[in-house]
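Quick note: numbers below take in every heavy atom, side chains included, and nothing from hydrogens, waters or symmetry partners. Here is the naming used below: chain letters follow the sequence lines, and residue numbers restart at 1 for every chain.
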Number of protein chains: 2
Amino acid sequence: MRKRARRGQRSTQDPFAVIASNLSRLVEPVLLYLLATDQAHYGYQFLEAANDFAITDAAIDAGVIYRTLRGLEETGYVVSSWAPSASGPAKRIYELTPAGLAHLKRWAAVLEQRGRAMVYFAHLCADL
Amino acid sequence: MRKRARRGQRSTQDPFAVIASNLSRLVEPVLLYLLATDQAHYGYQFLEAANDFAITDAAIDAGVIYRTLRGLEETGYVVSSWAPSASGPAKRIYELTPAGLAHLKRWAAVLEQRGRAMVYFAHLCADL
DNA sequence: GTAAGCTATATGTAAAGTACATATAGGGAG
DNA sequence: CTCCCTATATGTACTTTACATATAGCTTAC
């Protein structure tokens with residue numbers, strides 16, 4: 001990673017918070033997508049990949065990624081196993097389950113609907 | 001209002017929470033928009049109008065509306081005044097300020113960008 | 001006249017979610 | 001040996017949200 005993942009300041013400052021910054025819960029579908037497309041299979045790799053991702057322009061917090069991955073495992077959308085590394089610490093490798101892929105598809109349907117509604121709303125506002 | 005605004009259950013249940021349910025912070029731009037278009041000028045009216053609104057399909061919590069309106073007033077995006085009612089309790093009437101309109105425009109720009117990103121992402125997922 | 005029900009605003013509080021900090025540890029470069 | 005990068009994990013304060021509840025004016029039905 002090029003940079004030490006600068007912390008995205010928000011909360012009291014940024015009024016567009018949830019949608020504009022980290023897109024909060026969208027971390028979940030992004031992780032599932034990266035897994036589904038073999039772009040990432042462990043935490044640190046997700047951290048790099050997710051930060052280059054379109055929907056999320058701010059740096060994603062490492063803590064959020066590791067905790068989200070654990071949550072996905074608890075609900076059975078991913079499974080994990082340890083893989084020793086030749087150079088560096090061991091990695092926890094994640095794999096997508098069929099249930100996880102189905103969950104990603106549901107996310108896609110929701111995001112499409114909501115995304116369209118947001119664009120539509122934006123156009124309504126632009127006409128003011 | 002036809003119905004007593006059934007509470008939108010989510011949290012532990014609904015995994016699509018933020019985006020799928022109340023769209024959380026989107027309450028703010030929706031309120032500003034309703035004000036800008038003279039569709040609502042006080043809390044209870046926002047409650048009715050916002051629930052018929054496209055982006056938010058779940059019932060919006062009254063507490064969130066009143067607190068959001070107060071927040072908008074603190075930041076100078078709206079101003080309020082009391083208006084007595086011939087039939088029923090007094091209403092706190094809100095008006096949009098120029099700063100509030102500008103804020104709504106900024107919201108629109110953000111929502112358009114994010115909405116497009118979400119639709120794009122949804123299509124990526126659909127191809128899996 | 002009083003109880004029920006609608007309009008209307010407001011706040012208390014527990015739970016959930018996020019940001020930021022920090023702890024731990026393996027391995028390579030100098 | 002020290003510094004830095006990779007890699008995972010957790011503590012915690014803060015913010016946001018959901019849901020409940022309190023208050024009160026007015027209207028309609030009994």
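- With sequence neighbours left out, the side chain to side chain donor-acceptor pair (under 3.5 Å) criterion links A:Q45 to no other residue.
- A heavy atom lying under 4.0 Å from DNA chain C marks the following residues of residues 65-76 of chain A, by number: A:R67.
- Partners of B:D127 by side chain to side chain donor-acceptor pair (under 3.5 Å), not counting sequence neighbours: none found.
- Applying the side chain to side chain donor-acceptor pair (under 3.5 Å) test to A:S80 and every residue at least two apart in sequence or in another chain returns A:E73, A:R92.
- Applying the side chain to side chain donor-acceptor pair (under 3.5 Å) rule to B:S85 yields no partners; only residues at least two apart in sequence or on another chain are considered.
- Following rounding to the nearest Å, A:F46 (CZ) and D:dA7 (C1') show an atom-to-atom distance of 14 Å.
- When the local axes at the two ends of the helix from C:dG1-D:dC30 to C:dG30-D:dC1 are compared, using 5 base pairs at each end, they differ in direction by 10° after rounding to 10°.
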Under 3.5 Å, which donor-acceptor pairs do the side chains of residues 62-70 of chain B form with other protein atoms, sequence neighbours left out?
unit_1	atom_1	unit_2	atom_2	d
B:Y66	OH	B:Y44	N	3.4
B:T68	OG1	B:V64	O	2.5

Protein and nucleotides 26-30 of chain D: nitrogen or oxygen contacts under 3.5 angstrom:
none

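- Considering all non-hydrogen atoms of both residues, B:L128 and A:A36 come closest at CD1-CB, 3.7 Å.
- At least one side-chain heavy atom of B:L32 sits less than 4.5 Å from a side-chain heavy atom of B:V78.
- Side chains of B:K91 and B:H41 form no contact here, defined as non-hydrogen atoms less than 4.5 Å apart.
- A:V30 has its side chain out of reach of A:F46: every pair of non-hydrogen atoms, C-beta onward, lies at least 4.5 Å apart.
- Between A:D61 atom CG and D:dA7 atom P the separation is 18 Å, expressed in whole Å.
- Atom OH of A:Y44 is separated from atom P of D:dC4 by 14 Å (rounded to the nearest Å).
- When distances are taken from the side chain of A:K91 to each of D:dA7, D:dA9, D:dA18, the shortest belongs to D:dA7.
- With rounding to whole Å, A:E48 atom CD is found 11 Å from D:dA7 atom C1'.
- Across the protein-nucleic acid pair, A:L47 atom CG and D:dA9 atom C1' stand 13 Å apart, rounded to whole Å.
- A close approach under 4.0 Å does occur between a side-chain nitrogen or oxygen of B:Y42 and OP1 or OP2 of C:dA8.
- Rounded to whole angstrom, the span from the CD1 atom of A:I93 across to the P atom of D:dT6 amounts to 16 Å.
- Residues passing the side-chain contact (heavy atoms from CB on, under 4.5 Å) test with A:T75 are A:Y77, sequence neighbours excluded.
- Between B:L104 and B:P29, the shortest heavy-atom contact is CD1-O, 3.6 Å.
- Atoms CZ (B:R92) and C1' (C:dA10) sit 10 Å apart, rounded to a whole Å.
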